[in-house]
Amino acid sequence: MKKDFNLIIVGVGGQGQITLLRILEEAALAENKDFKGSELHGLSQRGGSVEVHFRMGKNILSPLVSQGDADLILALEMQESLRSLYYASPKTQFLLNKLIIPIPGENIVPEDQIINSIKNFTKKIEIVEASKICKEKFQKEVLAGVYLLGYAQKRKLLPLRKESLEEGIKKVVPEKYLVENLEALKLSQS
Amino acid sequence: MKEILLNKSGKKIILLGNEAVCRGAIEAGVDFVSTYPGTPASEIGNTFWQIKEDFKKINPKFHFEFSTNEKVAMEAAAGAAISGFKSLVAMKNFGLNVASDFLCTLMYSGIEGSMVIFVADDPSCWSSAQSEQNTRFYSLMAHIPTLEPSEPQEFKDFTKFAFNLSAQFKIPVMIRSTTRASHQSGPVTLGEIPNSKFQIPKFVKDPKKFSTMPPRVLEMKKELFEKIEKIKKQFEKSNLNKIIYGNSREKLGILTSGVSFLYVMEALKKLNLKLPVLKLGFIYPLPERKILNFLKKLKSVLIVEELEPYLEREIAILAKKENLKIKIFGKGEKIEGGRIWKERKAILPQIGELKPEYVEIAISKILNKKPSFNYQLHLKKFEKLKIPARPPILCPGCPYWAVVNAIKKVVDLQKVIFGGEIGCYMLFSHKVINLQDYLYCMGSSTSIAHGISKTSKQKVITFIGDSSFFHAGIPALINTVFNQSNPLIIILENQTTAMTGHQPHPGVGDGRVVKVEEIVRACGIKNVKVIDQVKNPEEFEKGLKEFLEKDEASVIIARHICALLEKKKKT
Ligand SMILES: Cc1ncc(C[n+]2csc(CCOP(=O)(O)OP(=O)(O)O)c2C)c(N)n1
Ligand code: SF4
């Protein structure tokens, strides 16, 4: 890896962003890469917007991705992708989970409007029906995050090996939920 | 989690900044840890809470507690330290305000064993509703040696160092952090966990040591100053202050510390520049000689720090004293910042956290160089987007909804004033709830209501959580009885400290439980009801109506467990 890899995961509190970050970190550690993660606790949870940063490379300094500098943005909820445009530029690849979680007291921003806004920043957009697939297969939407990670890996958008992600999941996810998480990863690769 | 107790020197594990503090304390052989929860410092307590039994197997002397508030936590930790033990106390910035009365005194006496105080600030108020306090100014006021680590590895190493420094000079040492530093995760190389000695220290009586009674107090102050002078000498030589690109011939240098250092290095990398950088590990007392030697080679210096200028002031005074001709860049003249720092006119903002691009822009501005990316244009484009805010809101199934619904049903919302304070119920400010007319700090809702009720005679309903009640609510309650006012106080007893991650409090302890209603009655409140607002909404409404008519203070304890905690307990 010549350049630092910059990833942002956005979504709503409760969608498991911090677990995804831990999985990525364990995977990076397993591959002996330097990395840093940044997360926020407290007020930003309770159903509010949650954004985590993950940077990987030879010698990672800032825990925060710079403005316009994301290589990959995973949006676990579509409206939240708008906020993450702060980190987007033409080089940025978006993977959007096809899911809208309404905001109490606000009108929903329609999907086409979201996509049009993103197009102003980058043309590399892909919508993935992660929540739908995970709901159908596992009756569990929260697995969408792991599915999306796996999908990014398969599409070669995430410079980590599949085995490392697997190892990460094994280290991070509690015993009880392990099997379904590993299956969600496997499914994303098929 | 147990990974943090691995005794494998040299192994790399992933830790948050805050968890690395715990590991540092473990490697230093800590005996006593106390805290009151507060994000961004909460993980210190949460971690020790989880590992305390396992750690006791390594250090049988070990004790961990969630104390009732930060002042109590600090005093307890000091009790351990003046008896010769190694103690750690952790809190968020506002906690230090609560504990500051004690801190300023404790510094005079010093301690016997060692004592480290960890405090986390929260630039941008990510997990704070109150203020964007800059705790560094306490270091000056209390004369407490203060370290600022940048990344997880340093959090561990600095903590260990702080214990040693504290033991060497018999003085408490502070580690000051910020949200982004504390909540950054990365690889940390472990050191050794020492074998705890069986010898148990004791408090040794000495009339000169721990009693600040005048005239001794002023002698103590002198002794404190002497310690600080010695520590300063040591800091001058310490490699915790680092110079990067020291051989550079550039005439612009950068002075920084904490997480800002990481932004500086990122910015230099992006700009492909090798400006000399002095990274301070110590922010009090400052290694003045080291700083002067660094400055002497420069024509100008950029000081990169978050919030109000602390280093900048100190360096400006130093430069003036030494008659140094150097241009100091730092905070802009205009008070601008963070999310409202749109035009980026100032060099660096005083409001809001820094970001790596802010530092890059600042350096580019001074050097008249183009930044690596057109941030300005990109920002304009970004700010044109209409993005609906998604503020946090009470969980679905939260027992507080029943309180909100009852109030909306039976209370004249125009006439009654709603006093909020800090906890999940501060989300009563959400526009779909809208039951919060003021919000300040823990324990304040009722005392403020007292002032309103004594003067304007308006009726006030105040909210206070159970953890906050034990923390700072009791004196305010007594004041309404002693000085006779009539607020209706709703104590939201969800049986946990929810907002900060569900820590226990005296009302739910493993041992003897302190009952809220017994305290309320003992404070002299006559009108007291305990109602489960979820199971008995009508009774709750009736209670509200009845107590709103009272012309003395009254209390309803709304007792129903936090929905999230209940779910956690089940799984
Ligand atoms: C002096 C101080 N210490 C700590 C905090 C952090 N803090 C925010 S809310 C809260 C406690 C909330 O507990 P409780 O009052 O029981 O309300 P709940 O969140 O359970 O609704 C704490 C400790 C703070 N704001 N101020
Ligand atoms: S954490 Fe508990 S108290 Fe806080 S909003 Fe959720 S259910 Fe309510």
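Residue numbering restarts at 1 for every chain, and letters A, B, ... go by the order of the sequence lines.
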* Shortest non-hydrogen separation from B:L262 to A:P63 and the atoms involved -> CD1-CD, 3.8 Å

Can you tell me how far apart [atom1] ([X]) and [atom2] ([Y]) are? Round to the nearest 0.5 Å.
| X | Y | atom1 | atom2 | result |
| --- | --- | --- | --- | --- |
| A:L40 | B:S182 | CG | OG | 11.0 Å |
| B:I13 | A:E25 | CD1 | CD | 12.0 Å |
| B:E266 | A:L64 | CD | CG | 9.5 Å |
| A:N59 | B:M265 | CG | CE | 8.5 Å |
| B:I387 | A:L85 | CD1 | CG | 6.5 Å |
| B:N374 | A:S89 | CG | OG | 11.5 Å |

Proximal component of [X], with respect to chain A [non-hydrogen, under 4.5 Å]:
| X | result |
| --- | --- |
| B:L394 | neither |
| B:K381 | both |
| B:C424 | side chain |
| B:E360 | neither |
| B:K269 | side chain |
| B:P187 | both |
| B:V264 | neither |

* So which part of A:A28 gets closer than 4.5 Å to some heavy atom of chain B, the side chain, the backbone, both or neither? -> neither

* Could you tell me which portion of A:L82 (side chain, backbone, both or neither) has an atom closer than 4.5 angstrom to a non-hydrogen atom of chain B? => both

Using only non-hydrogen atoms and a strict under-4.5 angstrom cutoff, which residues of [range] touch chain B?
| range | result |
| --- | --- |
| residues 107-121 of chain A | A:V109, A:S117, A:N120, A:F121 |
| residues 137-154 of chain A | none |
| residues 92-103 of chain A | A:I101, A:P102, A:I103 |

Answer yes or no: does atom [atom1] of [X] have more than 12 heavy-atom neighbours from other residues, nucleotides or ligands under 6.0 Å?
| X | atom1 | answer |
| --- | --- | --- |
| A:K91 | NZ | yes |
| B:K408 | NZ | yes |
| B:K8 | NZ | no |

* Asked: With distance as the sole criterion, is a donor-acceptor pair present between the side chains of B:K355 and A:S66 under 3.5 Å?
  -> no

* To do: Establish, from distance only, whether the side-chain atoms of B:E357 and A:Y86 form a donor-acceptor pair under 3.5 Å.
  => yes

* Asked: Should B:K431 and A:E106 count as an ion pair when the cut-off is N to O under 4.0 Å?
  -> yes

* Under a 4.5 Å heavy-atom cutoff, which of B:C398, B:G186, B:P356 has the most pairs with chain A? -> B:P356

* Asked: Looking at B:K384, B:H430, B:E43, which makes the most heavy-atom pairs under 4.5 Å with chain A?
  -> B:E43

* Main-chain N/O of A:Y87 paired with B:H378 side-chain donor or acceptor, under 3.5 Å -> no

* Asked: Just by distance, do the side chain of A:R83 and the backbone of B:P388 share a donor-acceptor pair under 3.5 Å?
  -> yes

* To do: Please test A:E77 against B:R390 for salt bridge (charged side-chain N to carboxylate O under 4.0 Å, His left out), starting from the C-alpha separation and ending with a verdict.
  => CA-CA 12 Å; A:E77 198 271 354; B:R390 191 190 292 271; 3.0 Å; yes

* Asked: Does the side chain of A:K36 reach to within under 4.5 Å of the side chain of B:S185, using non-hydrogen atoms?
  -> no

* To do: Report yes if the side chains of A:L61 and B:Y263 come closer than 4.5 Å at any heavy-atom pair, otherwise no.
  => no

* Structure fact -> Residue pairs meeting ring-ring contact (aromatic ring centres under 6.0 Å, His included), one or both in residues 156-177 of chain A, sequence neighbours left out, come to none

* Structure fact -> Highest number of heavy-atom pairs under 4.5 Å with chain B among A:L29, A:V65, A:I60 belongs to A:L29

